[in-house]
Amino acid sequence: MSNVRVRFAPSPTGFFHIGSARTALFNWLYARHTGGTFVLRIEDTDKERNKQEYLDVIYDSLRWLGMDWDEGPGIGGAYGPYFQSQRNDIYAQYLQKLHDAGRTYEKDGAVWFRLEGERSVEFDSYKGCEVEKVDAAPVVINDAIRGRVERAETQDFVIIRSNGEPVFHLVNVIDDIAMGITHVIRGEDHLSNTSKHVLLFEAFGAQVPVFAHMPLILKDPSIGKGKMSKRDRGALIEEYRERNFIPEAVRNYLCLLGWNPKDDREILEIDEVARLFELEAINKDNARFDEKKMAHINTEHLRALSVDSFVEKSIPVLSKAGLWTPETDAEYVRNVMELSQGKARSFEDLAEYVSYFFSETYAEDPKARTNLFKKGEPLVRLAEALQCLEGIAEWTAESLQKAFDDLAQTYGHDKPFAWFPVIRFSVSGVSGGPDLIPMLVVMGRGMVLARMKAFLSKES
RNA sequence: GUCCCGUUCGUCUAGCCCGGCCUAGGACACCAGGUUUUCAUCCUGGCGACAGGGGUUCGAAUCCCCUACGGGAUGCCA
């Protein structure tokens, strides 16, 4: 156990942004890498946002991505409470220290933090008014990712609003001090705030934590410019959950956005990532979100799943699509899934991919149909196949294989593939799917022959 | 406007700190072949980048400077 303490401090907004997820993930990884403590703190200063359902979005998303917190809501810990809305006494105590040190004053009903340095009044052409500027010494930030960053604050800033509520900068710093946070890992959008924060840490006489400002996630170029916002397609974790992405895959992709293991591996176990993870290895430049790459990582994870786990994950998907009920034969489901795992690209597509296995009615793909009838005599081939398959004694892969070999022999076509496409289409309505023979075996003699007959009589 | 951060294939990135092994590697996407009796996989190949300009050096993607571009901040939001 190390003394590293990191925190993830989301505000309950009712959604969980992919950038937040990555910030949480990098904090979590650092805690796991160092054997430190991962704290979850809820920044619910805005009372409107303090709704249980909003909180659940945060908890559910973190759990879904496998990020367990060591201290925080539902867990407890020695540094609680973990909701900012319950920490007013602590803020008041800390504020008093600032008062005593002469670093605060009131103006316009708000409490301001006083900078130290020569003061002068200047005309700010950007704001279009006169402002009081302070010639304060530049703040030096030794950022674990960016190195030395120097930035000067030039104006006093509000720490308590005129309505009595403390602002983010104040409570954030107080909480980090009071909770013993040693490393602040957050998005680069906070880098400019950090000079304020350092000043506050120093004014409190507290040790300044190590800062690590990670690059932002930018929109996919096809969507637009700038950092990804909650309104952008693909920006919300809930979306991937609903689309049945594999959480390990989403997490894996997020790891790769701004960090990599320095070799060419991309599909990684989270334990391995935690072992290798270093703040210094995080990239400096912003990353662009790429849906296709994420889908690919998801497919890789899907392929790597054990059959048991693939089946288990497929049940809710099938159920939602109305293809599965508790009465559905478990062995049949498993057999179908075994055929499909290496073929389907995602659980999102799975239901459609296997629908004809579970439903008596299934749609015909018009394009596949056109291609099928474009050449040859598919119906004649189907009739030949039907007659042959009706005659086989045992419905196994071997006997089916032999039947097709015989068919080729008898009718003189050079390859059994003269029969394959039309059989496939007649029993499934589509041109693609699992390997034909194993698929026919799994479907069973009854279903296959009935569908072939039905198709023939419908088309003749 | 000001301040801060950044800049290697369309995208994610390796290489940069400790200059030569880089005719810049991998992955996604895309394109073309091949394997596969169907379907999908898979394999091979192709396309494709050191933002630009100055230095320093025998030698620069790697060090320095400038410019351009991108991002962020500039709130009594978080």
Side-chain angles (χ1 to χ4, degrees), chain A residues 9-11 13 43-46 49 84 107-112 124-128 138 141 143 145-147 149-155 157-169 171-172 186-196 213 215-216 218 220-222 225-227 253 256-267 280 283-297 299-300 303 339-345 353 368 401 404-405 407-408 413-425 428 430-437 439-440:
Chain A
S11 181
T13 53
E43 303 213 331
D44 57 346
T45 47
D46 187 346
R49 293 175 169 179
Q84 285 189 335
K107 191 176 81 179
D108 304 329
V111 179
W112 296 66
D124 187 323
S125 59
Y126 191 63
K127 287 180 177 167
I141 303 154
D143 194 280
I145 296 170
R146 275 147 221 288
V149 176
E150 205 175 284
R151 189 172 184 279
E153 284 297 325
T154 59
Q155 289 180 66
F157 53 92
V158 171
I159 50 178
I160 306 282
R161 294 185 198 108
S162 49
N163 68 4
E165 289 190 3
V167 307
F168 161 76
H169 303 301
V171 293
N172 194 266
R186 64 200 341 182
E188 198 213 330
D189 47 344
H190 286 291
L191 186 55
S192 303
N193 293 328
T194 305
S195 41
K196 286 189 181 70
H213 286 95
L216 268 21
L218 268 29
D220 185 297
S222 65
K225 301 169 71 172
K227 67 174 172 177
Y253 176 68
L256 263 19
L257 231 41
W259 179 88
N260 69 82
K262 302 288 182 200
D263 50 34
D264 293 329
R265 290 177 302 157
E266 292 193 321
I267 307 303
E280 290 72 19
N283 290 141
K284 295 182 180 71
D285 50 324
N286 296 336
R288 215 137 229 147
F289 183 78
D290 185 350
E291 273 189 298
K292 292 205 169 124
K293 181 89 177 201
M294 170 126 147
H296 170 255
I297 303 264
T299 303
E300 293 288 319
R303 295 278 151 79
L339 293 177
S340 310
Q341 183 176 5
K343 311 282 181 175
R345 302 199 70 86
Y353 190 79
Q401 180 64 61
F404 286 117
D405 290 344
L407 223 34
H413 296 291
D414 44 340
K415 285 177 182 166
F417 105 107
W419 292 278
F420 275 37
V422 67
I423 294 175
R424 178 186 292 284
F425 189 78
S428 73
V430 291
S431 62
D435 283 333
L436 186 69
I437 291 176
M439 167 177 153
L440 296 179

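So that the names make sense, note that chain A is the first sequence line, chain B the second, and so on, each numbered from 1.
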Within the sub-3.5 Å range, which N or O atoms of nucleotides 1-3 of chain B have a protein N or O partner, and how far apart are they?
from, atom 1, to, atom 2, distance (Å)
B:G1, O6, A:Y126, OH, 3.3

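- Between A:K107 and A:W112, the shortest heavy-atom distance links the atoms O-NE1, 3.2 Å.
- Across all strands shown, B:A68 pairs with B:U7; the Watson-Crick or G-U wobble distances both stay below 3.5 Å.
- Residue-level contact check: A:D108 touches the bases, meaning some heavy atom is under 4.0 Å from a base atom.
- Mapped onto RNA chain B by nearest heavy atom, A:M294 and A:N163 fall at different nucleotides, with A:M294 at the one closer to the 5' end.
- For the atom pair CG (A:D143) and NZ (A:K284), the distance works out to 9.5 Å, reported to the nearest 0.5 Å.
- Shown here, B:C30 forms a base pair with B:G46; the pair counts as Watson-Crick or G-U wobble because both key distances fall under 3.5 Å.
- Here A:R345 lies in heavy-atom contact (under 4.0 Å) with sugar-phosphate atoms only.
- In this structure, A:A287 and A:L257 approach most closely via the heavy-atom pair CB-CG, 3.8 Å.
- Taking atom CG on A:D189 and atom P on B:G6, their separation rounds to 15 Å, with Å as the unit.
- Residue whose closest nucleotide on RNA chain B sits further toward the 5' end, between A:G109 and A:P434: A:P434.
- Between A:F425 and A:F420, the distance separating the two ring centers is not shorter than 6.0 angstrom.
- B:U62 and B:U74 have their P atoms separated by 34 Å, with the value rounded to a whole Å.
- Using a 4.0 Å heavy-atom criterion, one finds that A:L216 contacts the sugar-phosphate atoms exclusively.
- Residue A:E188 has its side chain nearest to B:C5 when only B:G72, B:A78, B:C5 are considered.
- Using a 4.0 Å cut-off between a side-chain N of Lys or Arg and a carboxylate O of Asp or Glu, A:R151 and A:E153 qualify as a salt bridge.
- A salt bridge does not link A:E300 to A:R345: none of the charged side-chain nitrogens sits closer than 4.0 Å to a carboxylate oxygen.
- Nucleic acid contact class of A:H213 (heavy atoms, under 4.0 Å, all strands): none.
- Which of B:C76, B:C39, B:A78 sits closest to the side chain of A:H190 comes down to B:A78.
- A:T194 comes within 4.0 angstrom of nothing in the nucleic acid, heavy atoms only.
- What separates CG of A:N193 from P of B:C5 is a distance of 15 Å, to the nearest Å.
- Contact annotation: the side chain of A:D435 approaches that of A:K343 to within less than 4.5 Å [non-hydrogen atoms, C-beta and beyond].
- The base of B:A40 is paired with the side chain of A:K343 by a donor and an acceptor separated by under 3.5 Å.
- Of the candidates B:C5, B:U41, B:A73, B:C5 carries the atom nearest the A:R146 side chain, counting heavy atoms from C-beta on.
- In this entry the distance linking CD1 of A:I145 with P of B:G72 reads 17 Å, nearest Å.
- If you check every strand for non-hydrogen atoms under 4.0 Å, A:G432 touches sugar and phosphate atoms only.
- For A:K227, the side-chain atoms get nearest to B:G72 when compared with the rest of B:U41, B:G72, B:A78.
- In plain terms, the two heavy atoms of A:S431 and A:A368 that are nearest each other are CB-CB, 3.7 Å.
- The distance between atom CG of A:L440 and atom P of B:U37, rounded to the nearest whole Å, is 16 Å.
- Following rounding to the nearest Å, A:N172 (CG) and B:A78 (P) show an atom-to-atom distance of 10 Å.
- Of the listed nucleotides (B:A29, B:C5, B:A78), B:A78 has the atom at the smallest distance from the side chain of A:R161.
- Between B:G6 and B:A51, the distance separating the two C1' atoms is 12 Å to the nearest Å.
- Smallest separation of non-hydrogen atoms from A:Y253 and A:R288: OH-O, 4.0 Å.
- The two atoms that bring A:L191 and A:H213 nearest to each other are CD1-ND1, 3.4 Å, heavy atoms only.
- When both pairing distances are held under 3.5 Å, B:G1 makes a Watson-Crick or G-U pair with B:U74.
- Pairing for B:C21 is absent, judged as Watson-Crick or G-U wobble with the two contacts each under 3.5 Å.
- Considering every non-hydrogen atom in both A:V430 and A:R424, the closest pair reads O-CG, 3.7 Å.
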- Message: I need a per-nucleotide contact map over nucleotides 10-27 of chain B, read 5' to 3'. Cutoff is protein heavy atoms under 4.0 Å; write B for the base, S for backbone only, - otherwise.
- Response: -SSSSS---------BBB
